[in-house]
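Structure, as structure tokens:
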There are 2 protein chains.
Amino acid sequence: MDYFQMESYLKAIGDSNRMRILKYLMKDSLCICEFTELMNMTQPAISQHMKKLKQAELVLEEKRGRWTIWSLNIRHAQYPILIHLLSLLPEPERTIETLKAGGKKVVCE
Amino acid sequence: MDYFQMESYLKAIGDSNRMRILKYLMKDSLCICEFTELMNMTQPAISQHMKKLKQAELVLEEKRGRWTIWSLNIRHAQYPILIHLLSLLPEPERTIETLKAGGKKVVCE
DNA sequence: TTATTATATAAGTGTTTGCTTATTAATACA
DNA sequence: TGTATTAATAAGCAAACACTTATATAATAA
């Protein structure tokens with residue numbers, strides 16, 4: 001890993017909203033519309049954050065019908081560091097459980 | 001550590017020039033004028049980077065005559081993570097040894 | 001087909017970043 | 001006393017960033 005690769009990696013992680021996204025992804029794979037509910041952000045804002053995380057290869061996307069399901073890239077060389085950093089952070093206020101309770105959890109077959 | 005503290009921490013580290021500075025500091029404590037030689041950057045540019053690292057409490061400063069000697073803050077709670085991240089990076093091209101060879105190493109009593 | 005849903009992308013905006021040059025402050029030395 | 005030397009700070013600037021609203025694309029449902 002050279003200095004510019006490390007810079008890109010740390011900049012991709014180093015945003016509080018993207019850390020919240022990554023923290024959620026430690027628990028479950030999610031789609032854009034679920035993040036907009038969980039984080040109270042607009043759909044383009046989330047999409048743009050996912051694009052950055054994707055460019056850093058921190059996440060993977062899978063198209064499923066109308067949805068794009070995002071997950072952590074557990075094969076990333078620095079995945080253990082990412083998990084360690086995220087483990088230092090508290091759980092976000094709104095949980096995936098409240099999503100389910102509100103009937104907003106997406107279940108795509 | 002909350003999300004904004006982690007963001008500040010990662011942003012402080014997440015710059016290729018600041019990582020070079022930190023990598024040098026793993027080997028030795030250095031002053032601004034030595035960094036300008038090692039990194040071929042202007043004095044204010046280095047000073048401003050040190051200010052950011054200081055605000056993140058990643059480095060400590062000690063005034064010695066005309067010089068300010070900077071060192072790694074080994075008491076920082078996330079110091080082990082920092083060392084691990086820096087260990088993934090190659091040694092910078094210009095070494096502290098070439099500084100000494102060029103008679104540019106500062107020795108302040 | 002048409003409408004709806006989920007997402008991506010484009011364009012615009014205010015803020016932050018990392019430099020630059022200029023200046024100031026403080027110490028050391030002649 | 002000056003006069004270097006070292007470093008901090010100020011002001012200015014171009015580029016990057018994180019959002020916004022508007023629009024485009026693609027899949028599903030009626």
Side-chain angles (χ1 to χ4, degrees), chain A residues 3-4 6-22 25 29-56 58-71 99 103-109, chain B residues 3-4 6-22 25 29-56 58-71 99 103-109:
Chain A
Y3 285 80
F4 291 105
M6 182 67 88
E7 179 173 310
S8 301
Y9 174 72
L10 293 176
K11 282 184 173 166
I13 303 172
D15 173 89
S16 60
N17 286 323
R18 283 195 292 275
M19 284 190 279
R20 261 178 265 271
I21 288 171
L22 292 168
L25 290 181
S29 297
L30 295 164
C31 65
I32 304 286
C33 61
E34 289 172 315
F35 286 116
T36 65
E37 286 287 333
L38 289 166
M39 301 174 61
N40 200 32
M41 289 179 70
T42 65
Q43 174 266 313
I46 299 288
S47 273
Q48 286 158 24
H49 281 306
M50 299 319 292
K51 189 175 183 176
K52 293 216 164 189
L53 292 172
K54 180 184 166 186
Q55 284 168 342
L58 292 170
V59 298
L60 300 173
E61 63 182 329
E62 187 197 345
K63 303 277 183 189
R64 286 255 212 120
R66 314 183 243 191
W67 296 281
T68 306
I69 308 298
W70 296 86
S71 58
L99 250 198
K104 298 289 185 65
K105 185 77 186 73
V106 168
V107 184
C108 48
E109 305 298 307
Chain B
Y3 285 80
F4 291 105
M6 181 67 88
E7 182 173 307
S8 301
Y9 174 72
L10 294 176
K11 281 183 174 168
I13 303 174
D15 172 86
S16 60
N17 286 323
R18 284 195 291 276
M19 285 189 279
R20 259 177 267 270
I21 287 171
L22 293 167
L25 290 181
S29 296
L30 295 164
C31 65
I32 305 287
C33 61
E34 289 172 316
F35 285 117
T36 64
E37 285 288 333
L38 288 166
M39 301 174 63
N40 200 32
M41 288 179 71
T42 65
Q43 174 266 314
I46 299 288
S47 274
Q48 286 159 22
H49 281 306
M50 298 320 292
K51 189 175 183 178
K52 293 215 165 186
L53 292 171
K54 180 185 167 185
Q55 284 170 342
L58 293 170
V59 297
L60 301 173
E61 63 181 330
E62 187 197 345
K63 302 279 184 190
R64 286 253 212 123
R66 313 182 243 191
W67 297 279
T68 307
I69 308 298
W70 295 87
S71 58
L99 250 198
K104 299 289 185 66
K105 185 76 187 70
V106 168
V107 183
C108 47
E109 305 298 307

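Each chain gets a letter, A, B and so on, in the order the sequences are listed, and its residues count up from 1. These values consider heavy atoms only, across backbone and side chains, with no hydrogens, waters or symmetry-generated copies.
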Taking 4.0 angstrom as the limit, do A:K105 and A:E34 come out as a salt bridge? yes

When we call it a touch if two heavy atoms are under 4.0 Å apart, what does B:E61 touch: a base, just sugar-phosphate, or nothing? sugar-phosphate

Grab the N/O contacts between the protein and nucleotides 9-13 of chain D below 3.5 Å, and write none if there aren't any.
residue, atom, partner, partner atom, Å
D:dA10, N6, B:Q48, NE2, 3.3

Round to the nearest Å and state the distance from A:E37 atom CD to C:dT7 atom P. 12 Å

To the nearest angstrom, how far is B:W70 atom CH2 from D:dA7 atom P? 10 Å

Hey, which sits more toward the 5' end of DNA chain D by its nearest nucleotide, A:K11 or A:T42? A:K11

Looking at CE of B:M6 and OG of A:S16, how far apart are the two atoms once the value is rounded to the nearest 0.5 Å? 11.5 Å

In this structure, how many angstroms lie between the C1' atom of D:dT5 and the CZ atom of B:R64, rounded? 18 Å

Euclidean distance, atom NZ of residue A:K54 to atom P of C:dA8 [Å, nearest integer]: 8 Å

Rounded distance in Å - CD (B:E7) to C1' (D:dA18): 10 Å

Can you tell me how far P of C:dT17 sits from CD1 of B:I46, to the nearest Å? 18 Å

For a quick test of reading the model, state the closest non-hydrogen atom pair linking A:I69 to A:C31 and the distance between them. CD1-CB, 4.2 Å

With side-chain contact (heavy atoms from CB on, under 4.5 Å) as the test, pick out the partner of A:W70 among A:I32, A:L30, A:I21. A:I32

What integer distance in Å separates B:L10:CG from D:dC17:P? 15 Å

Which listed nucleotide (C:dT20, D:dT20, D:dC17) is nearest to the side chain of A:K52? D:dC17

From C:dA8, D:dC19, D:dA18, pick the nucleotide closest to the side chain of A:M41? D:dC19

Heavy-atom pair of closest approach, residues B:M19 and B:I13: CG-O, 3.1 Å

Could you pull out the closest heavy-atom pair between B:K52 and B:A12, with the gap in Å? O-CB, 4.4 Å

For atom CG of B:L53 and atom P of D:dA8, their distance in whole Å: 12 Å

A:M50 and A:V59: which non-hydrogen atoms are nearest, and at how many Å? O-CG2, 4.2 Å

Just to confirm, is there a sub-4.0 Å distance from OP1 or OP2 of C:dG18 to any side-chain nitrogen or oxygen of B:R18? yes

Close N/O contacts between protein and nucleotides 3-6 of chain C (under 3.5 Å):
residue, atom, partner, partner atom, Å
C:dT5, O4', A:R66, NH1, 3.1

Starting at CE of A:M39, measure out to NE2 of A:H49 and round the result to the nearest 0.5 Å. 6.5 Å

Just by distance, do the side chain of A:T36 and the backbone of A:C33 share a donor-acceptor pair under 3.5 Å? yes

